[in-house]
Amino acid sequence: MCYAIPAKLVEIDGRYGIVDYFGERRKILLDEDEVAIGDYLFAQGGVFVKKIPDEEAEEILDTWKDIFFELKKVDQSLSKIDKDKVSENVLAVLQKVNHRKSLKLEELKTLFSMKDPKELSVLYEVANHVRERSHGNACCVHGIIEFSNYCNNNCHYCGIRKDRDIPRFRMSEDEIVAIAKEAVDVHGFKALVLQSGEDFHFDTDALIRIVTRVRALGTLVFVSVGMRSRETYEKLWKAGARGVLMRFESSNEECFNTLRPGTSFRARIALLEELRKMGYVIATGFILGLPGETLDDVINNILLTKQLGPDMYSFGPLIPTKGTPLENEKMPTVEDVLKVTAVARLNDANANILVTTALETMSKEARKEGMMAGANSMMINLTPSGCKAMYSIYDDRAGVEDEVSSAIGEAVDLLTSLGRAPTDIGIARGV
Ligand code: 5AD
Ligand code: SF4
C-alpha cells in the first residue's frame, strides 16, 4: 500500500523544487543536496521525504496511472455546483469566491447566516469545487502515533488533563519506533505525527533520539508535543522533524487564558510564528464550540488560522467530556462544523484542511461530509488499541476499537468512492 505518488523533479530554485506527476505541478521544500533534475522522489506536506530509484518509481506510477485519471473523473463529477438553489446575496459572495477575490468580514457572516438545507448544500458544493480547483483530487493521509497520555497541563476541555484520574501510559522509544517502522514499511505512510500530552519525561534529548530514528525510516516527521522551547524545536529540526501540529485552540485571548490555566495565548501564537520562521510545516487550528463563543470568535478563528500561514488546518468540535470542567457544555452540531469547514475553504483555497477525529466522533457519515464540504486531508490513528483507549482526550472517540489495517481499509474505500488520491505532494498548485 502506498500513500503517495512518486513525483519527478523538474526544476530546482534554491531550497525549493518543482515536481510533476501526471502533469500536475507542485512546489516543494527540497532542502536536500543529493537530488538532481529528473530524479523521482516522494514529498509530503510540501516537503521532500526521500528519493526513489527510477525503476521503482516507474513501476508505482504505472500502477497509479489509470486509477489516477479514473479517480479524477469521479472527483470532478462530484464537485459540480448547482447555483440555482441560493439567494442573491449568497450567490454574490460565492461569485466573489469564484473570481478568487478575498472575502470581507460581512461576507463571511453572510455565509454563516445560511440555514436552509438547500442553500447549505450549495455552500458545501462550492467549497468542494474550490478544493478541487486548487488541489485536484490530492488528499493527504498522515498517520498519527500517540505515545504518552501524561500531561503537565489542565486544559478545561481535555480528558487527559493532569488532574483527571485516569490510567496513564508512556511508550518506550523502541515501541514508538517499532510502530513507526510498521507504518512506513508495511502500510506505506509517508508522513507521521508523533503526539503526546505535554510530557516532559520526554525531554529534548529523548525527543531528538525518537525523531532521528523515525526520520531515518524515510518519512516526514511532524511533532505534536506542546509548548517546548525555541531551542528544543531548533534541535528537533536538526534531528529531521519538519512539521509541527499545534492548535492555538481559540483566537479569543481571554477564553484561551481561562481554559488553559497557566498558559498564555500570546506565548502560543509567538511560538507558532517562530516555528514557521524556522521552516516548519505548520498544522494548526482551534476547537469549535468553546463556552461563550460568538460568531465573531468563530470567524476570527478561521482568519487567525490563515494568518499563521499553515500547511494544514486542524479544527474540530468540542466534545464535552466527563470529569472535565466542560462536561456539561453543549456540543456543536455536525452542520456547525461543516459550515466552518466550507467557509475556511472559501477563505483559503490553497491550504490542506483536515477532517478531524472529533468530527468523525459525531456521526459515521461526518468524515465523508467533511471531505465533501472543502476538506482534503485525514489522519489515521496508528496507536495500538490499548494505548489509544487511554489517550481519551474526549469521550467515545471514533476509531478506538479499530485495528490499524481496517482503519486504513476504510479510509482508502472512502477516498476511492470520492475519487480522491492520496497524493499529498505540494504546498501550492500550478506553480
Ligand atoms: N473536544 C474536542 N477536542 C479536544 N481536544 C482536547 N480535548 C478536546 C475535547 N474535549 C483537542 C485540543 C488539542 C487536541 C490534541 O485535542 O484541540 O489540541
Ligand atoms: Fe494537555 Fe493538550 Fe490536553 Fe491541554 S489539550 S491537557 S496540553 S493534552
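Order of listing sets the numbers, starting from 1, for every ligand and every atom in it. The structure displayed is predicted, hence computed values, not measured ones.
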(message) Can you list everything that forms a side chain to side chain donor-acceptor pair (under 3.5 Å) with R170? Sequence neighbours excluded, please.
(response) D199

(message) Below 2.8 Å, which protein N, O or S atoms neighbour atom 1 (Fe) of ligand 2, ignoring water?
(response) C151 SG

(message) Quick check for you: to the nearest 0.5 Å, what is the distance between I179 atom CD1 and C387 atom SG?
(response) 7.0 Å

(message) Side chains of N252 and S250 only: does a donor on one sit below 3.5 Å from an acceptor on the other?
(response) no

(message) What I want to check is whether the side chains of R247 and S314 have a donor and an acceptor closer together than 3.5 Å.
(response) yes

(request) Test side chain to side chain donor-acceptor pair (under 3.5 Å) on N137 and E132 and set out the steps. (result) CA-CA 6 Å; N137 65 343; E132 195 275 330; over 6 Å; no

(request) Ignoring hydrogens and angles, state whether a donor on the side chain of Y124 or R345 is under 3.5 Å from an acceptor on the partner side chain. (result) no

(request) Tell me, yes or no, whether the heavy-atom count around R213 atom CZ, taken from other residues, nucleotides or ligands under 6.0 Å, exceeds 12. (result) yes

(message) Could you check whether T294 and D297, counting side-chain N and O atoms only, form a donor-acceptor pair closer than 3.5 Å?
(response) yes

(request) Take atom 7 (S) of ligand 2 and look for protein heavy atoms under 4.0 Å from it; say yes if you find one, no if not. (result) yes

Can you pull every nitrogen or oxygen pair between ligand 1 and the protein closer than 3.5 angstrom?
unit_1: ligand 1; atom_1: 1 (N); unit_2: I319; atom_2: N; d: 2.9
unit_1: ligand 1; atom_1: 10 (N); unit_2: Y157; atom_2: O; d: 2.9
unit_1: ligand 1; atom_1: 10 (N); unit_2: I319; atom_2: O; d: 2.8
unit_1: ligand 1; atom_1: 17 (O); unit_2: R247; atom_2: NH1; d: 2.7
unit_1: ligand 1; atom_1: 17 (O); unit_2: E249; atom_2: OE1; d: 2.5
unit_1: ligand 1; atom_1: 17 (O); unit_2: E249; atom_2: OE2; d: 3.4
unit_1: ligand 1; atom_1: 18 (O); unit_2: E249; atom_2: OE2; d: 2.6

(message) Tell me whether R260 reaches ligand 2 (any heavy atom closer than 4.0 angstrom to a ligand atom).
(response) yes

(request) Could you verify whether a donor N or O on one side chain and an acceptor N or O on the other, from Y313 and N352, lie under 3.5 Å apart? (result) no

(message) According to ring pair (Phe, Tyr, Trp, His ring centres under 6.0 Å), who are the partners of F256, at least two apart in sequence or on a separate chain?
(response) F265

